[in-house]
Amino acid sequence: MSEKITGSEILIRALIDQGVDTVFGYPGGTIMPVYDRLYDFTDRIRHYLARHEQGAIHAAEGFARASGKPGVVIATSGPGAMNLTTGLNDALMDSTPIVAITGQVQSALLGKDAFQESDVVSVMLPVTKWAIQVRRPEDIAPAVARAFYIASSGRPGPVVIDIAKDAQTNMAEYKFEPCTFIRSYDPDPEIPEQVLSEAAAILNEAKRPMILAGHGITIAKAEEELISLAEKADIPVGCTMLGLSSIPSGHPLNKGLLGMHGNLGPNINTNKADVILAVGMRFDDRVTGDTSKYAPSAKIIHIDIDASEFDKTVKSNLHIHASAKTALSKLLPLIEPQKRSEWVDSFSQHEEVESERVMKREIEASTPDGKMLMGEVVNKVSEAFGHDAILVTDVGQNQLFSVRYFKFKSPRSCISSGGLGTMGFGLPAAIGAKIGVPYRNVVLFVGDGGLQMTIEELGMIMEYNVNVKIVLLNNNFLGNVRQWQHLFFNSRYSATPMVNPDFKTLASAYGIAAEDVPHRDNLDEAISRMVAHDGAFLLNVNIDEEDMVFPMTPGGHGVDEILLNSKEYYKPV
Amino acid sequence: MENQLFTISVFTENQVSLLHQISMIFSRRCLNIESLSVSACSIPGVHKFTITCCSYRAMMEHVVKQIEKRIDVLKAFLHTDDEIVFQEVALYKVPTASVLESNIEDIVRGNGARVLEIHPEYTVFEKTGHTDEITELFDKLKVLGLRQFVRSGRIAVTKAPEELVSDYLDRQERRRQDINNE
């Protein structure tokens, strides 16, 4: 019979046995026994103290998205736990593996409105893949094993383990067994042979097929399979925002970004395609526009590991219920090599128009006062990093411009809050991403609004010397809301102008190198200094407030009804 | 997209929070659960929720998928009335004096009801049947001064030869053996 140890030590040992070496968190009353034990394991688990629990969980998300490993976050009960909800919902929407550990009041006090008591499991259930409350020390290790298995298998997602304080202090024997099976859960469904052959037949007969590459490719690490299949059958690829780095930007079959602010080619040709192979994507409304006008002539084959995504917003002709990797690797041998040059080339006419009518004025901007446009800044920063940095974005125009103009060479390089659109995600997520993959460059594009939502996390950068490059696209406006106000609310700028602090001074207060870029003439050199600087850097770029993201498919319009600017719809010849 | 009454059977592990996990999928879409009944099913350790809800098929199909997505849910099925054998039970409490003044035999025999208790003050009838049959007796007893009335949620079995969840459990058992190299 092995020695009894406290529940807190059981938790720490289980985390170590689960392969965890990095956690993000914030201590407080009911999680103190865990933090006390953590103090003895600092050589094996590195704890990063955030300045707010929301910062901690977004950092854990960034860590998970960049590294592919589950992100772990620890918080106390009540307010600590409640501050995790936004991040949990964000992780649920973007299929990010997160294990959140929350302290809970003593079991005897549960349900009695004890100090800092929240009904954590009830609150968290709608925003998590799974949540459990643990009241006995002997239940901690199995809960941890189960939590990691659930968070990282199938369609990954966030889980919560809510541990009562007495479970942390009471003693039990430690025995760890990894979880590999749950009776009520099948994360690895088999694909019937007939479904594969049907899918292959549809693809082989297709004249104008298109692949829609989603986040599922990154999650399943199926980039090679995607590219092999696309190349073998000569199928153009459109990427969702979170699928962007699944195929290099320069690949001749990568036709760019899908959706509301995507590229003309893949959006127009979605409605010309005769077959659509949707891989690990969920036909989000930002991708499809009005679904009644979406892909009218296409047979749709939908690959997803989450069966509840099938026919949710867009009806498909065939479902392949499997991970992107399994499905693509099984399809590959059944796909005939083909050349579809005419179809592949049909994207270029749209690319030319977009380049000429939209991108050129953005990249080669010439505002009289020297204020810069977001596209030109993103383009230059991407280039300065050899188009091979990890892009992290906040939410809004900074996000839409950076996913449009940033370029990718390597997989797992685009980290953005896609589903929930969480402002304040960017800064902590960039910190987590850099901690997750320290050998890669991490660049954050963030607006003046979003930066101030989690600006306290500059403290994490300061304390841990996290080398993230922060490009603040500062237009003293909540830019994306301003854009909609301009287009759809008669330019009534209600609550969108921002009175901002001096960001450079603010960064300096945290010991972070910073530079203001007031004029276009200063931009190139400032970027060079940022890239050359060994450590975190904040570039405060003076952005023209009139700058708007185009092309744009306004809400309620079809995917091929695209504004080139605020007045003119694209009319393909 | 015409609304109709659907019956959903959900097979789950027997764990805390499942009712919440299932009900939140309805409330998120502002769907009202018409009736709900939960108990152990014929397979040891497996619990069964029987839920009725009025909506259109595409909506209910997606609700069922989202229920099934919850980790602790084994399997969920959507049924229309022609695919299941279903029943409800109701209890009616009526003043004994007014029962005596009426035709008891007609109430009991005519409605397939049973008498559960006769007390000087009150008499309790029980009736099992479909919703409309229970309502029919309700209307009759109301005239006698019905004091209390309660109706259970619908319970249902399918017309399939076995529990629909059995196939799933067999498949999962094979998976478990594969994973553990048994």
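What you see is a predicted model, and the numbers here were worked out from it, not measured in a lab. Reckoned from all heavy atoms, side chains included, excluding hydrogens, waters and symmetry mates.
Environment of NZ in A:K299: sparse, with no more than 12 heavy atoms of neighbouring residues, nucleotides or ligands closer than 6.0 Å. Atom CZ of B:R114 has 12 or fewer heavy atoms from other residues, nucleotides or ligands within 6.0 Å. Few gaps surround CZ on B:R176; more than 12 heavy atoms of other groups in view lie less than 6.0 Å from it. Counting heavy-atom neighbours within 6.0 Å of B:E83 CD, excluding the residue itself, gives a total above 12. No more than 12 heavy atoms of other residues, nucleotides or ligands shown are found within 6.0 angstrom of CZ on B:R147. A 6.0 Å sphere centred on CG of B:D178 holds more than 12 heavy atoms belonging to other residues, nucleotides or ligands.
Taking OH of A:Y185 as the start and CZ of B:R70 as the end, the distance is 11.5 Å to the nearest 0.5 Å. Here the CD atom belonging to B:Q21 is positioned 7.5 Å from the OG1 atom belonging to A:T128, to the nearest 0.5 angstrom. Expressed to the nearest 0.5 Å, how far CZ of A:R155 lies from NZ of B:K69 amounts to 4.5 Å.
Residue B:F11: no heavy atom, backbone or side chain, is found under 4.5 Å from chain A. Contact of B:I179 with chain A is made through the side chain alone, with heavy-atom distances under 4.5 Å. Heavy-atom distances place both the backbone and the side chain of B:Q66 under 4.5 Å from chain A. Proximity to chain B is limited to the side chain of A:I150, based on heavy atoms less than 4.5 angstrom apart. With a threshold of 4.5 angstrom between heavy atoms, B:L169 approaches chain A through side-chain atoms but not through N, CA, C or O. The contact between B:Q15 and chain A is made entirely by side chain atoms (from C-beta outward), counting heavy-atom distances below 4.5 Å.
When all heavy atoms of A:A307 and B:K65 are compared, the closest pair comes out as O-CD, 3.4 Å. Nearest approach of B:M24 to A:L125, heavy atoms of both residues: CE-O, 3.5 Å. Residues B:Y168 and A:D186 share a closest heavy-atom pair of OH-N, 4.2 Å.
Options A:V121, A:D306, A:I182 differ in how many heavy-atom pairs under 4.5 Å they form with chain B, and the most are formed by A:D306. Chosen from A:S122, A:S184, A:A131, the residue pairing most often with chain B at heavy-atom distances under 4.5 Å is A:S184. Interface remark: of the candidates B:V16, B:D72, B:V46, B:D72 forms the most heavy-atom pairs closer than 4.5 Å to chain A.
For the pair B:H62 (side chain) and A:S308 (backbone), a donor-acceptor distance under 3.5 Å is present.
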